[in-house]
Amino acid sequence: MLHILGAGSIGLLWAARLQRAGFPVQLILRNAARLSAWQDQAGQLEMTDPGQQQHVSLTLNAELPDSPDPIRFLLVATKAYAAEAAVSSVQHRLSTDAQVLLLQNGLGSQQAISRLLPHQRIFYASVTDGAWRPSAHQLIWAGHGQTIIGDPRQGPPPEWLTRWQEHGLTLEWHADILAVLWRKLAVNCAINPLTVLLDCPNGELLQGAHGRLEELSQELALLLSAFGIPLSLDILRTQLDQVIHQTATNSSSMRQDVHHGRRTEIDFMLGFALRSADQLNLAVPALRKLNAELQTYLATHGLPLD
Ligand code: NAD
Ligand code: KPL
C-alpha cells in the first residue's frame, strides 16, 4: 500500500497515476472535516488531461493521520511549509524500513524531514508537472512535466522505481538530486519573486527585468558554485531564458499563490538561498534586496511572510 500525505493538486495527481497503473493507494487527509467531505463524495475524483483529451473518473480511499495501519511507503505532497508538521503527524506509523518520497518545491523542507527521520530511507524529487483543482474532487493535469527522483545520500535507485516506470510512469533517476533541486531553486529564485513584484506572466520578465535577472544570475551562480553545484553563469542564463520562453504565458506558482491570497513557498526558495549564503558569509545584495521587496509586498497585501 502506498500512502499519500496531502491530497492537493500534486498528491491527487500522483494518487491517480499510481492507482491507474495498478498500485493500491491510500490518501491521508489532514483532519476529520476533510475526511468526511471526501467521503460525502464517495472518494470520487474527476481527472481531466486537456493535452491528451482524456477524462477519467476514479475512487480514492482516504484515512486520517491517526489511522492504526503501519506505513511502509509514504509520498509527501503538501506544500514545503506544511511538510515537516504533516510528516510528524504520521511519524509514529512509519515502519523502520519505510521509504519516504518528498515532492516539495524549493529546498529546506526536505533536509528538515531527513533530520526528523534518520532511520528511514528518504528520496527527494523535482516535479515540473502543472496541476490544479477547480474543486476538491476535480483535478486538471494542465501540463506534463519531468519528475526527477534521487537519494540525497546517493544510494542506489530503489526497486519500486523500475516497477513504476514499467507501469507507464515517466520518472527519471538522478544520482545527484541535490544539484537538480539547487538548479531548480536558482531558476525559481530569479523568476518567481520578480513575477510577483511586477505582477506579470513569466514571458514579460525578459523585457521588464532584464538587468535584474542578470545580477541575480551572477549571485545565484556564485552561491551554487560555493556549495559545489556545477552551474556556470552562462548555463544559468541560458536555462533562465529557456524557462522564460517555454513558460512565457504562465503565471509563476508564487504569483498564483499571491493572486489567490495563499501563503507562498518563498522561505524555501529565496529564504533558503539567503540562509545558505549566510552560512558561507557570501555577499548576495541583489538577492537580499529582492527578498526585502517581496517581504514588503507580501506584508502590504496581508500575506504571511515566510
Ligand atoms: P496544494 O496546496 O494543492 O496541496 C497541498 C495539500 O496538502 C492540501 O490539500 C493540504 O490540505 C494538504 N496538507 C497540508 N498539511 C497537511 C497535513 N498536516 N496533513 C495532511 N495534508 C496536509 O499544493 P500542490 O500544488 O499540490 O503542491 C504541493 C507541492 O508540489 C508544493 O511544494 C509545490 O510547489 C509542488 N509543485 C506543485 C505543482 C503544481 O502544479 N501544483 C507543480 C510542481 C511542484
Ligand atoms: O517552477 C516554476 C514556478 O512557477 O514555480 C517556473 C519554472 C517559474 C514556471 O512557472
Side-chain angles (χ1 to χ4, degrees), residues 3-16 26-35 37-38 62-67 74-91 93 101-110 113 124-148 181 183-196 200-205 213 239-260 262-270:
H3 285 87
I4 299 186
L5 184 58
S9 308
I10 288 293
L12 290 174
L13 176 63
W14 278 69
Q26 182 79 11
L27 299 171
I28 304 179
L29 306 186
R30 200 200 301 229
N31 55 37
R34 282 173 195 253
L35 182 61
W38 185 258
E63 65 185 29
L64 288 175
D66 62 4
S67 162
L74 182 68
L75 193 144
V76 184
T78 67
K79 295 277 197 185
Y81 49 76
E84 192 178 356
V87 171
S88 299
S89 75
V90 296
Q91 190 178 359
R93 294 175 55 192
L101 174 58
L102 305 177
L103 303 183
Q104 284 59 50
N105 214 349
L107 276 167
S109 68
Q110 299 90 336
I113 292 168
Y124 301 174
S126 159
V127 177
T128 61
D129 289 278
W132 61 283
R133 283 175 307 152
S135 76
H137 295 268
Q138 290 173 301
L139 178 70
I140 312 289
W141 191 0
H144 289 231
Q146 205 188 17
T147 299
I148 305 176
L181 288 167
R183 286 194 282 263
K184 184 162 191 287
L185 176 126
V187 168
N188 286 139
C189 279
I191 296 180
N192 296 25
L194 288 174
T195 63
V196 171
C200 67
N202 298 350
E204 286 181 23
L205 292 182
L213 282 174
Q239 277 181 1
L240 273 176
D241 284 354
Q242 272 170 0
V243 171
I244 290 175
H245 277 118
Q246 282 161 3
T247 63
T249 55
N250 286 17
S251 200
S252 77
S253 57
M254 195 175 283
R255 181 169 176 245
Q256 288 181 43
D257 285 340
V258 167
H259 280 185
H260 288 96
R262 295 188 297 240
R263 182 173 173 181
T264 69
E265 295 185 300
I266 182 66
D267 198 43
F268 300 86
M269 295 177 182
L270 266 182

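FYI, side chains are in, hydrogens and waters are out, and symmetry mates aren't considered; it's all heavy atoms of this structure. Just follow the structure's listing: the first ligand is 1, and inside any ligand the first atom is 1. Quick caveat: nothing in here was measured; it's all calculated off a predicted structure.
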Any side-chain to backbone donor/acceptor pair from Glu265 onto Asn105? Under 3.5 Å, distance only.
no
With heavy atoms of Ser252 as the reference, note each atom of ligand 2 found under 4.0 Å away.
4 (O), 10 (O)
Nearest-0.5 Å distance, CD of residue Gln104 to CD1 of residue Ile10
10.5 Å
Polar side-chain atom of Asp129 near backbone of Gly145 as donor-acceptor pair, under 3.5 Å
yes
For the residue pair Pro193 and Leu270, establish whether any side-chain heavy-atom pair is separated by less than 4.5 Å.
yes
Given a heavy-atom cut-off of 4.0 Å, could you list the residues near ligand 1 in chain and number order?
Leu5, Gly6, Ala7, Gly8, Ser9, Ile10, Ile28, Arg30, Arg34, Ala77, Thr78, Lys79, Ala80, Ala82, Ala86, Leu103, Gln104, Asn105, Val127, Asp129, Gly130, Ala131, Arg133, Glu265
Considering distance alone, does some N or O of Ser253 sit under 3.5 Å from an N or O of ligand 2?
yes
Please check whether Asn192 reaches ligand 2 - meaning an N/O of the residue sits under 3.5 Å from an N/O of the ligand, judged on distance alone.
yes
For atom 7 (C) of ligand 2, what's the nearest protein heavy atom and its distance?
Val243 CG1, 3.6 Å
For the backbone of Ser251 and the side chain of Gln256, can you confirm whether one donor and one acceptor N or O come within less than 3.5 Å of each other?
yes
If we only count N/O pairs under 3.5 Å, is Thr247 in contact with ligand 2?
no
Donor-acceptor contact present, side-chain Arg93 to main-chain Pro65, <3.5 Å
yes
Just need the protein heavy atom nearest to atom 1 (O) of ligand 2, so name the residue and atom and give the distance.
Asn188 ND2, 3.0 Å
Under the side-chain hydrogen bond (donor to acceptor under 3.5 Å, both in side chains) rule, what do Asn202 and Thr247 come out as? Steps first, then yes or no, please.
CA-CA 6 Å; Asn202 298 350; Thr247 63; 2.9 Å; yes
Quick check against the 3.5 Å criterion: does Ser67 have a side-chain atom that pairs as donor or acceptor with the backbone of Leu64?
no
Gln138 versus Ser135, side-chain donor and acceptor atoms under 3.5 Å:
yes
Short question: side chain of Thr78, backbone of Ala83 - any donor-acceptor pair under 3.5 Å?
yes
Considering only non-hydrogen protein atoms, determine which one is nearest to atom 10 (O) of ligand 2 and report residue, atom name and distance to 0.1 Å.
Asn202 ND2, 3.0 Å
One residue to check: Thr128. Relative to ligand 2, which of side chain, backbone, both or neither has a non-hydrogen atom less than 4.0 Å away?
neither
